[in-house]
Visitor: 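The structure under discussion is supplied below as structure tokens; questions concerning it will follow.
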Amino acid sequence: MRSNTMETSGSEDISRPSSPANSVISFSTDDVNILLREFGGRLLNSQNEMYVLPVDDREHARLDYQHRALTLTLDSLYAAPDLVRAVMTPSQKRSPAAVDLGAGSGQCIECGINDYEDLIYRVAQILRTNGVLLMASGGDQLYGEDRKPLPQEVAEGQPGWCAAQALFSATHSSGLESGNSSDSHYNWARWLSTSPYYTSVGIEDVFIPIGPWMEDLDKRCTYIAQLMQTDVKQIFESFKPPLLSSGYDEELVDRWISLAQKEVTEMRPRLFAKWRYAWAVRNSTQWVEPSFSD
């Protein structure tokens, strides 16, 4: 495992034939009313209560900032580009294929399921031999300029309290109440390494400054830091619906959001976001349905 700050790998150019699957789905107004609900001034997914963040255009725009920051940081769409390039190279035997379980401007799958370990197990059923599993998560923890996690159990008004971290921690607790497995990324290495279906397991932690507060940043890294700054400022507003659902007072939530956005705008304190990436390669072991005793 290694940790870096905006280090980049070699660029990649992966191409494949167009998918035969239909990529356009039409929804009527009635469908939208069934799929979405409004709460706290935002549109939420009414079909999956475990996914606590909004799913509206504002949230999609925020995720686009995040996606841009992360792909520029990696200089790739993936944390393991060589593995992906190898498996996505067309051959005469079969065409490359990919399954997207909630990436880009979609729903974060980690915040929408209640058993991530079981998901990892079942993904092995659909992966071809030598297929690559990729995972990424930002988690709920912010880091100081020393790359140490900010304290989460500090009361407002006490030394070390940070409105930004308070919002992340409170929203994390709200997600746990909803039954999602938002702590799962801490266990990825163990679950993948002990699984009978994966090999070549890798973990990488990437620290990205929230705002261009670091000295001697070049133009590219400054832009990445600014993208992450915009992303984090906007995610605070996305935290409002789940916090209201958990019983937080709206006036308190609005005040924390205002304070957190001020902290991030002024870059006081100086903060890092940490993203964890994991990958593994499917081996040839035949998949077996887990027994109820597992």
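Sequential numbering from 1 along the given sequence is applied to the chain's residues.
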Visitor: Mind checking the CD1-OH spacing from Ile203 to Tyr277? Nearest 0.5 Å is all I need.
Guide: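 OH of Tyr277 is found 12.5 Å from CD1 of Ile203.
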Visitor: Which heavy atom in Met214 sits nearest to a heavy atom in Pro209, and how many Å separate them?
Guide: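 Heavy atoms only, the tightest pair is SD-CG, 3.7 Å.
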Visitor: Please enumerate all residues that pass salt bridge (charged side-chain N to carboxylate O under 4.0 Å, His left out) together with Arg58, with sequence neighbours excluded.
Guide: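 Partners of Arg58 by the salt bridge (charged side-chain N to carboxylate O under 4.0 Å, His left out) criterion, ordered by chain and then number, come out as Glu237.
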Visitor: How would you list, by chain and number, every residue that makes a salt bridge (charged side-chain N to carboxylate O under 4.0 Å, His left out) with Arg255, sequence neighbours excluded?
Guide: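 Salt bridge (charged side-chain N to carboxylate O under 4.0 Å, His left out) check on Arg255 returns Glu156.
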Visitor: I'd like to check the salt bridge (charged side-chain N to carboxylate O under 4.0 Å, His left out) partners of Glu266; sequence neighbours left out, ordered by chain and number.
Guide: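 Counting only residues at least two positions away or on another chain, Glu266 forms a salt bridge (charged side-chain N to carboxylate O under 4.0 Å, His left out) with Lys262, Arg268.
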Visitor: Minimum heavy-atom separation for Trp161 and Ala166, please, with both atom names.
Guide: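 So the two residues come closest at NE1-CB, 3.7 Å.
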Visitor: Should Glu153 and Ser169 count as side-chain neighbours, where that means a heavy-atom distance under 4.5 Å?
Guide: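 In short, these two side chains do not touch, never coming nearer than 4.5 Å.
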Visitor: Scan side-chain atoms only and decide if Gln261 and Gln234 contain a donor-acceptor pair under the 3.5 Å cut-off.
Guide: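 Judged by distance alone, the side chains do not pair up.
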Visitor: Of the non-hydrogen atoms in Pro196 and Thr285, which two are nearest, and what is the gap between them?
Guide: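 For Pro196 versus Thr285, the nearest heavy atoms are O-OG1, 3.4 Å.
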Visitor: Could you pull out all residues at least two apart from Phe239 that satisfy ring pair (Phe, Tyr, Trp, His ring centres under 6.0 Å)?
Guide: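 By the ring pair (Phe, Tyr, Trp, His ring centres under 6.0 Å) rule, Phe239 matches Phe168.
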Visitor: Looking at CG of Asp231 and CG of Leu227, how far apart are the two atoms once the value is rounded to the nearest 0.5 Å?
Guide: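 Here the interatomic distance stands at 8.5 Å.
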Visitor: Can you list everything that forms a side chain to side chain donor-acceptor pair (under 3.5 Å) with Glu263? Sequence neighbours excluded, please.
Guide: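 Not a single residue meets the side chain to side chain donor-acceptor pair (under 3.5 Å) criterion with Glu263.
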Visitor: Does the pair Arg220/Asp75 count as a salt bridge with the N-to-O cut at 4.0 Å?
Guide: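 Looking at Asp75 together with Arg220, the answer is yes, because their closest N to O distance falls below 4.0 Å.
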Visitor: Got a sec, which residues hit side chain to side chain donor-acceptor pair (under 3.5 Å) with Thr265, two or more places apart in sequence or on another chain?
Guide: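 Lys233.
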Visitor: For Tyr248, check side chain to side chain donor-acceptor pair (under 3.5 Å) against everything at least two apart and list the hits.
Guide: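 By the side chain to side chain donor-acceptor pair (under 3.5 Å) rule, Tyr248 matches no residue at all.
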Visitor: Once side chain to side chain donor-acceptor pair (under 3.5 Å) is applied, do any residues pair with Ser238, and if so which ones, sequence neighbours excluded?
Guide: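 Listed in chain order: Glu59.
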Visitor: Test Val281 against Leu83 for side chain to side chain contact (heavy atoms under 4.5 Å, CB included), laying out the working first.
Guide: CA-CA 8 Å; Val281 176; Leu83 291 178; 4.1 Å; yes
Visitor: So that I know where these two stand, are Trp287 and Tyr121 an aromatic pair - ring centroids less than 6.0 Å apart?
Guide: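 Under 6.0 Å, so yes.
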Visitor: Find the distance between CZ (Phe272) and CG (Asp205) and round it off to the nearest 0.5 Å.
Guide: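 If I round to the nearest 0.5 Å, the distance is 13.0 Å.
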Visitor: What pair of heavy atoms forms the shortest contact from Ala79 to Leu74, and how long is it?
Guide: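 Result for this residue pair: N-CD1, 4.0 Å.
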Visitor: Show the numbers, then the answer: is there a side chain to side chain contact (heavy atoms under 4.5 Å, CB included) between Asp218 and Thr222?
Guide: CA-CA 6 Å; Asp218 61 21; Thr222 296; 5.7 Å; no
Visitor: Between Asp254 and Lys240 (salt bridge meaning N to carboxylate O under 4.0 Å), is one present in this structure?
Guide: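 Salt bridge: yes.
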Visitor: How many angstroms lie between atom CD of Gln229 and atom CG of Leu271, to the nearest 0.5 angstrom?
Guide: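 So the gap between those two atoms works out to 10.5 Å.
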Visitor: Asp146: which residues meet the side-chain contact (heavy atoms from CB on, under 4.5 Å) condition with it, sequence neighbours left out?
Guide: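 Testing Asp146 for side-chain contact (heavy atoms from CB on, under 4.5 Å), a comparison that skips the adjacent residues, returns Lys148.
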Visitor: Applying ring pair (Phe, Tyr, Trp, His ring centres under 6.0 Å), can you list everything that pairs with Tyr143, at least two apart in sequence or on another chain?
Guide: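 Scan of Tyr143 (ring pair (Phe, Tyr, Trp, His ring centres under 6.0 Å), adjacent residues dropped) gives Phe207.
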Visitor: Do the two ring centres, one from Tyr116 and one from Trp188, sit under 6.0 Å apart?
Guide: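 Yes, the ring of Tyr116 comes within the 6.0 Å limit of the ring of Trp188, centre to centre.
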Visitor: Can the ring centroids of Tyr198 and Trp279 be said to lie less than 6.0 angstrom from one another?
Guide: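 Between Tyr198 and Trp279, the centre distance exceeds or equals 6.0 Å.
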Visitor: Hey, does the side chain of Thr73 reach the backbone of Ala69 with a donor-acceptor pair shorter than 3.5 angstrom?
Guide: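 Yes, Thr73 side chain to Ala69 backbone: donor-acceptor pair under 3.5 Å.
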Visitor: Got a second to check how far Ile208's CD1 is from Leu70's CG, nearest 0.5 Å?
Guide: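 Interatomic distance, Ile208 CD1 to Leu70 CG, rounded to 0.5 Å: 5.0 Å.
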Visitor: Heavy-atom count around Tyr65 OH within 6.0 Å, excluding the residue itself: above 12?
Guide: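 For Tyr65, atom OH is not crowded (no more than 12 foreign heavy atoms under 6.0 Å).
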Visitor: Passes salt bridge (charged side-chain N to carboxylate O under 4.0 Å, His left out), Asp118 versus Arg122? Steps please.
Guide: CA-CA 6 Å; Asp118 184 64; Arg122 293 184 180 278; 3.0 Å; yes
Visitor: How far apart are the closest heavy atoms of Arg68 and Thr71, and which atoms are they?
Guide: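 Here Arg68 and Thr71 meet closest at O-OG1, 3.2 Å.
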Visitor: Which heavy atom of Asp249 sits nearest to which heavy atom of Leu244, and what is that distance?
Guide: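 The answer is C-CD2, 4.5 Å.
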Visitor: Can you list everything that forms a salt bridge (charged side-chain N to carboxylate O under 4.0 Å, His left out) with Glu145? Sequence neighbours excluded, please.
Guide: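 For Glu145, the residues satisfying salt bridge (charged side-chain N to carboxylate O under 4.0 Å, His left out) (neighbours in sequence not counted) are Arg270.
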Visitor: Check whether any side-chain heavy atom of Val55 lies under 4.5 Å from a side-chain heavy atom of Leu44, and answer yes or no.
Guide: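 Val55 vs Leu44: side chains apart.
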Visitor: Looking at side-chain heavy atoms only, is the closest gap between Pro269 and Cys162 below 4.5 Å?
Guide: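 Yes - at least one pair of side-chain heavy atoms lies under 4.5 Å apart.
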Visitor: Cut-off 3.5 Å, side chains only: do Gln141 and Gln165 have a donor facing an acceptor?
Guide: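 Side-chain D/A pair, Gln141 to Gln165: present.
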Visitor: Hey, could you give me each pair passing salt bridge (charged side-chain N to carboxylate O under 4.0 Å, His left out) that has a residue in residues 184-195? Not counting sequence neighbours.
Guide: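 Listed once each, the pairs would be none.
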Visitor: Just how far is it from atom CG of Asn130 to atom CG of Asn283, taken to the nearest 0.5 Å?
Guide: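 One finds 9.0 Å between CG of Asn130 and CG of Asn283.
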